[in-house]
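Worksheet: one structure, shown below.
In the text below, chain A, chain B and the rest are named by the order of the sequence lines, each starting its count at 1.
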Amino acid sequence: MTDPQLVLTERVQQALGTAFGPEYAGADPLIRPSQFADFQANVALSLAKRLRRAPREVAQAIADALDAAGTTDVFESVEISGPGFLNITLKDEWISAQAERTLEDPRVGVGLTTPPQTVLVDYSAPNAAKEMHVGHLRTTIVGDSLVRILEHLGNRLIRQNHLGDWGTPFGMLIEHLLDIGEGNAIARLEAGEGSEYYQEARVKFDSDNAFKERSRRRVATLQAEDPETIRLWHLFMNATISYFNKIYSTLGVTLTDDDIAGESMYNRMLAETCADLEASGIATVSEGALCVFPPGFTGSDDKPLPLIIRKSDGGYGYATTDLAAIRYRVRDLKVDRILYVVGAEQALHFQMVFAAARMAGWLTDEVSAEHTQIGMMLGSDGRRFRTRSGVATKLSDLLDEAVERASAAIAERGYDEATRAEIAHTVGMGAVKYADLSVSHDSEYIFDYDRMLAFSGNTGPYMQYATARIRSIFRKGEIDPSAATGPIILGEPAERDLALQLLGFGSVVEHAGASSEPHRVCAYLYETASTFTTFYEKCHVLHDDVPPETRASRLALCALTLNVLQTGLNLLGVPTPTRM
RNA sequence: GCGCCCUUAGCUCAGCCGGAUAGAGCAUCGGACUUCUAAUCCGACGGUCGCAGGUUCGAAUCCUGCAGGGCGCGCCA
């Protein structure tokens, strides 16, 4: 165990047992980072009442017990301060020893979840039958990061891309495909003109009654799985998926075709899902529609709020699909945890779906279903991210612009064309992705190229720059980072700060996975990069006047920093250039 | 009417498993390149944490109420 917080928790708990009896050994010692020492333990204050003793007295008893236990291998000092805080300073030798251990650890201090869970992450889910907009970018990126984090923690991950690939609009989309010709339609969809395509079909649907009628008939033949209609549907979907895949590939998202589990997949389960709910009396017919009324959900006038699972025309909506999906995921895929990485505006829907699934017994207490709410992406004016015409910005255009801007920023660096393009791509994508990840996922988020591409502050490029500088040291010194093994000697405060900071990686990743919050990883990495740059400015590594043992120690610190940053950025899905 | 999210420095955001003097970045002002990438670093300035109660030794953090903003709420998904 190298994580200081965990080690301190264990040691202080032992001391609590010694000082006050075994019933106190399980109390949370409330170890927190401190501005007055390396860490502080706040447990004396919280236990004072229960023990009926003065807080400082309690703190003294804990300190004495720590002394008696002979913990001088870890602690430099334990001081009582203020109303009863225990200020804990770690020994330099202990920190450097842990840092050396972490340097040898291929997992860089990140533990494995025991027992591992089967976690299903439902994310990205672009809708082929609607305008695709930049909002999908965020669910994709946050979801992919959560997958990477949870997988790295040793869990079994099931990625599911719940594509919007079924339903009423597909009648009109298929008819439009016939109108403009198969080849033409495919070419345009693959080129990412899905939004325009949808708009054209929509306009015809609204203005041309004959087209409207054809579209309606087409929906019916699609539902009936008529072979020719299914063929056309496949043509449409394959072309659309091909475009999605281009975006995924550009972004470096880990989703593949194998992860597609779209709405169409559940089509054949819908009737049975409804029948089950109706038979068990959970669903009832109201105003012609089959509904579930989960308790506790009311609309205006305290009227129960319905979850409509079969429309009055006999068709099914997304509530039915989501119920069928949750049943399938729990019963057949045997998941322990499901994360729905979906827009925050769907909060009420998911609450009701989860409630209905619990009523049906499909969702049990052993399974955690969580809606990871994704806040809306806003333009720089603080309003919905739209172009003037109201049409959503094309994703590829948005990404291209980020790359162009990154390219412009490195224009004077003297790289050849190919290298420059490669760096620009890495920096551009890193900037966009990091910006999506660095703020809490449920808050609204203002998309701003200048801010995300800035080379200072909590941005992708700043993180990337830190790794590039470290690599540059190794390149210049003609040393392989894996050959830098120390020993680590902590002299300067900047060296000590860095080493201590690096030991906290594991618990941050663990916490981020448990709470589904990648931004915690970002915050930690930013602190780490920032601590490193301070070290970088103050402590020369390759300079002639640096003694060999100091140089070896600093190289080891650089290597460990690189490991942490590189591993952390991988967990975020943010790529790193070797130079920039 | 109900539900979710939000309100912290001029701006963009952290912190919210209660703990000491509320943190970053940007902006503003002032410093640091014969030195491993100055795309950087150091410093200064800047906040009655929306308001009012409550719980507590202690509240930005927990509870209640109120105000303001965003989003959603019966047959689109």
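Judged by distance alone, the side chain of H441(A) and the main-chain N or O of Q373(A) form a donor-acceptor pair under 3.5 Å.
Nucleotide C26(B) has G10(B) as its partner under the Watson-Crick or G-U criteria, with both atom distances under 3.5 Å. Base-pair partner of C71(B): G3(B) (Watson-Crick or G-U wobble, both distances under 3.5 Å). A38(B) is unpaired under the criterion used here, namely a Watson-Crick or G-U wobble arrangement in which both key atom distances are under 3.5 Å. Shown here, C66(B) forms a base pair with G50(B); the pair counts as Watson-Crick or G-U wobble because both key distances fall under 3.5 Å. Under the Watson-Crick or G-U wobble criterion, with both distances below 3.5 Å, A20(B) has no partner in any strand shown.
Ring-plane geometry between F447(A) and Y445(A) is classed as perpendicular, the angle between the planes exceeding 60 degrees on a 0 to 90 degree scale with a lower cut at 30.
Between C17(B) and G3(B), the distance separating the two P atoms is 23 Å to the nearest Å. Nucleotides C49(B) and A59(B) place their C1' atoms 11 Å apart, quoted to the nearest Å.
Checking the phosphate oxygens (OP1, OP2) of G15(B), a side-chain nitrogen or oxygen of H519(A) falls inside 4.0 Å. Distances shorter than 4.0 Å separate none of the side-chain N or O atoms of K303(A) from OP1 or OP2 on G1(B). T459(A) has no side-chain polar atom (N or O) that falls below the 4.0 Å cut-off from OP1 or OP2 of G25(B).
Taking the nucleotide of RNA chain B with the nearest heavy atom to each of K311(A) and L86(A), the more 5' of the two is matched to L86(A). Remark on RNA chain B: of its neighbouring residues Y445(A) and L30(A), the 5'-side contact belongs to Y445(A), judged by nearest-heavy-atom nucleotide.
Once the 5.5 Å centre distance and the 30° plane angle are applied, the aromatic ring of F85(A) is found stacked with the base of A20(B).
Under 4.0 Å is where a charged nitrogen must lie from a carboxylate oxygen, and between D497(A) and K538(A) no such pair does. Between K212(A) and D206(A), no side-chain nitrogen of the basic residue sits less than 4.0 Å from a carboxylate oxygen of the acidic one, so the salt-bridge criterion is not met. Ion pairing between E537(A) and R469(A) holds under the 4.0 Å rule for side-chain N and carboxylate O.
For Y318(A) and H349(A), the ring centers sit closer than 6.0 Å to each other. If you look at Y266(A) and H162(A), their ring centroids are closer than 6.0 Å. Aromatic rings of Y465(A) and F455(A) (six-membered ring for Trp) have centroids beyond the 6.0 Å cut-off, not under it.
Atom CG in D448(A) sits about 10 Å away from atom C1' in C26(B), given to the nearest Å. Rounded to an integer number of Å, the gap from CE of M352(A) to C1' of C73(B) is 9 Å.
Side-chain atoms of E287(A) lie closest to G74(B) of the nucleotides G19(B), G70(B), G74(B).
S286(A) contributes a side-chain N or O that forms a donor-acceptor pair with the base of G74(B) under 3.5 Å.
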Given protein heavy atoms under 4.0 Å, the one-letter contact record of nucleotides 35-43 of chain B, with B base, S sugar-phosphate only and - none, is simply BBBSBBSS-
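Within the 4.0 angstrom heavy-atom criterion, base atoms lie near A289(A).
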